[in-house]
There are 2 protein chains.
Amino acid sequence: MPENFAHNLKDLKLKATPKRLAILSLLAEELSYASPEEVWRKLRRNFASIGLPTVYRNLEDLANGGLITKVIHPNRQLYYYFCPNSHHHHHFICLSCRKVEDINFCGMEEIEKKVDGTVLSHIVQVNGLCRDCAESHGGTP
Amino acid sequence: MPENFAHNLKDLKLKATPKRLAILSLLAEELSYASPEEVWRKLRRNFASIGLPTVYRNLEDLANGGLITKVIHPNRQLYYYFCPNSHHHHHFICLSCRKVEDINFCGMEEIEKKVDGTVLSHIVQVNGLCRDCAESHGGTP
DNA sequence: ATTGTAAATAGAAATGATTTCTTTTTAGAA
DNA sequence: TTCTAAAAAGAAATCATTTCTATTTACAAT
Ligand SMILES: [Mn+2]
Ligand SMILES: [Mn+2]
Ligand SMILES: [Zn+2]
Ligand SMILES: [Zn+2]
């Protein structure tokens with residue numbers, strides 16, 4: 001299953017610009033979530049000029065297109081990560097090292113039936129410390 | 001079950017100040033979530049001087065103490081609501097009229113067992129349009 | 001009741017992550 | 001190659017939220 005980000009972008013009617021492709025492969029290499037500024041700093045290694053607003057805009061567009069996912073972080077800053085899994089699932093995020101672990105469970109089917117209204121989206125996210133971080137700094141993020 | 005907010009606050013080692021009590025009863029009267037500024041505007045009816053930072057601080061303290069709950073909103077602004085239900089549950093929030101509906105389901109017990117780490121918190125929230133809003137403005141928040 | 005003290009608050013000011021704006025460049029279709 | 005809408009740079013603005021300091025207050029201990 002070779003990842004063809006250019007094709008993915010075309011499906012979303014987004015142009016396959018070098019910067020978009022770089023953002024995607026950059027995030028795909030990481031197993032953790034990243035902030036726009038961190039992505040920007042890494043991109044600057046390969047692009048002489050790249051604006052932070054471009055990174056913000058692209059991360060948002062890619063998330064809206066479903067290619068990457070947003071993290072809901074207690075500190076209220078934006079974070080994004082790339083998850084190669086295509087089926088619907090959710091995540092356990094480490095608040096310390098930012099590692100992301102799949103959670104292959106979603107009770108939303110049952111929930112949606114009970115709701116008296118139209119469901120537009122749902123959030124399921126588990127926050128904590130991964131095993132490594134829990135062992136090293138015993139409890140506090 | 002008469003709500004004794006003063007007692008609740010003392011349990012949290014928070015002083016039962018008139019403003020805190022006013023925030024709690026104000027939110028308890030509403031069936032929808034409110035922004036700090038909205039809470040502030042209402043408080044100003046009864047308090048000659050009340051600072052917006054006080055409202056922000058108290059809403060955060062009350063949420064940390066578990067007396068009120070935060071909404072995770074797509075627009076990334078802060079919102080809070082009061083839920084009288086004491087058992088663990090989650091919510092369906094209307095993005096249009098801000099009404100909140102209980103969801104008496106949480107698959108977290110099963111999830112926590114599978115996670116390779118220490119769970120500190122979890123988010124389950126369903127966003128959409130309540131029946132009334134879905135009928136009136138057919139689909140868009 | 002009075003006092004002492006940590007907690008709470010007002011008000012003003014700062015903050016800084018995110019967004020907006022305008023001009024220039026580019027991807028990709030024709 | 002040409003054309004055009006989309007994308008991007010760079011600078012600037014935004015504004016919800018936080019920080020800071022002086023003052024006031026809740027309430028526990030006299
Ligand atoms: Mn995943
Ligand atoms: Mn509830
Ligand atoms: Zn970790
Ligand atoms: Zn509604």
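Bear in mind the structure is a predicted one, so any value in this text is a computation, not a measurement. Naming: A, B, ... by sequence-line order, numbering from 1 per chain.
Between D116(A) and F92(B), the closest side-chain pair of non-hydrogen atoms is not below 4.5 Å. By the 4.5 Å heavy-atom criterion applied to side chains, R131(A) and E101(A) are not counted as neighbours. When side chains are defined from C-beta on, H87(B) counts as touching N104(B), because their heavy atoms get closer than 4.5 Å. You'll find the side chain of L95(A) reaches within 4.5 Å of the side chain of P74(A), heavy atoms only. For the pair I111(B)/H122(B), no side-chain contact is recorded, criterion being any heavy-atom separation below 4.5 Å from C-beta on. Looking at K19(B) and L43(B), their side chains never come closer than 4.5 Å, going by heavy atoms from C-beta outward.
No side-chain N or O of H91(A) forms a donor-acceptor pair with one of Y33(A) less than 3.5 Å apart.
A distance-only check finds a donor-acceptor pair linking the side chain of R76(A) to the backbone of R76(B) [under 3.5 Å]. Although no hydrogens or angles enter the test, the distance criterion places no donor-acceptor pair under 3.5 Å between the side chain of Q77(B) and the main chain of S35(B). Looking at R20(B), its side chain never comes within 3.5 Å of a backbone N or O of N58(B) through a donor-acceptor pair.
Within the 4.0 angstrom heavy-atom criterion, only backbone atoms of the sugar-phosphate kind lie near K10(B); the bases stay farther away.
Proximity of residues 16-27 of chain A to DNA chain D (heavy atom under 4.0 angstrom from any strand atom) is restricted to T17(A), K19(A), R20(A). Contacts between residues 58-73 of chain A and DNA chain D, defined by a heavy-atom separation below 4.0 Å, involve N58(A), listed by number.
On the nucleic acid side, DNA chain C has its first and last nucleotide under 4.0 Å of a heavy atom of chain A at dA17(C) to dG28(C), going 5' to 3'. Mapping heavy-atom proximity under 4.0 Å, the span of DNA chain D touched by chain A runs 5' to 3' from dA5(D) to dT17(D).
Taking both residues in full, the closest heavy atoms of L78(B) and Y56(B) are given as CD1-CE2, 3.9 Å, listed atom of the first, atom of the second, then distance.
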Under 3.5 Å, sequence neighbours excluded: what are the donor-acceptor pairs made by side chains of residues 22-30 of chain B?
{"unit_1": "S25(B)", "atom_1": "OG", "unit_2": "L21(B)", "atom_2": "O", "d": "3.1"}
{"unit_1": "S25(B)", "atom_1": "OG", "unit_2": "A22(B)", "atom_2": "O", "d": "3.4"}
{"unit_1": "E30(B)", "atom_1": "OE2", "unit_2": "K42(B)", "atom_2": "NZ", "d": "2.6"}

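Comparing the helix axis at one end of the helix from dA1(C)-dT30(D) to dA30(C)-dT1(D) with that at the other, each defined from 5 consecutive pairs, gives an inter-axis angle of 50° (nearest 10°).
Taking the nucleotide of DNA chain D with the nearest heavy atom to each of R57(A) and P53(A), the more 5' of the two is matched to R57(A).
Ion pairing between E37(B) and R41(B) holds under the 4.0 Å rule for side-chain N and carboxylate O.
The CG atom of L129(B) sits 8.5 Å away from atom SG of C97(B), with the distance rounded to the nearest 0.5 Å.
Between H73(B) and Y79(B), the angle of the ring planes lies from 30° to 60°, which puts this pair in the tilted group.
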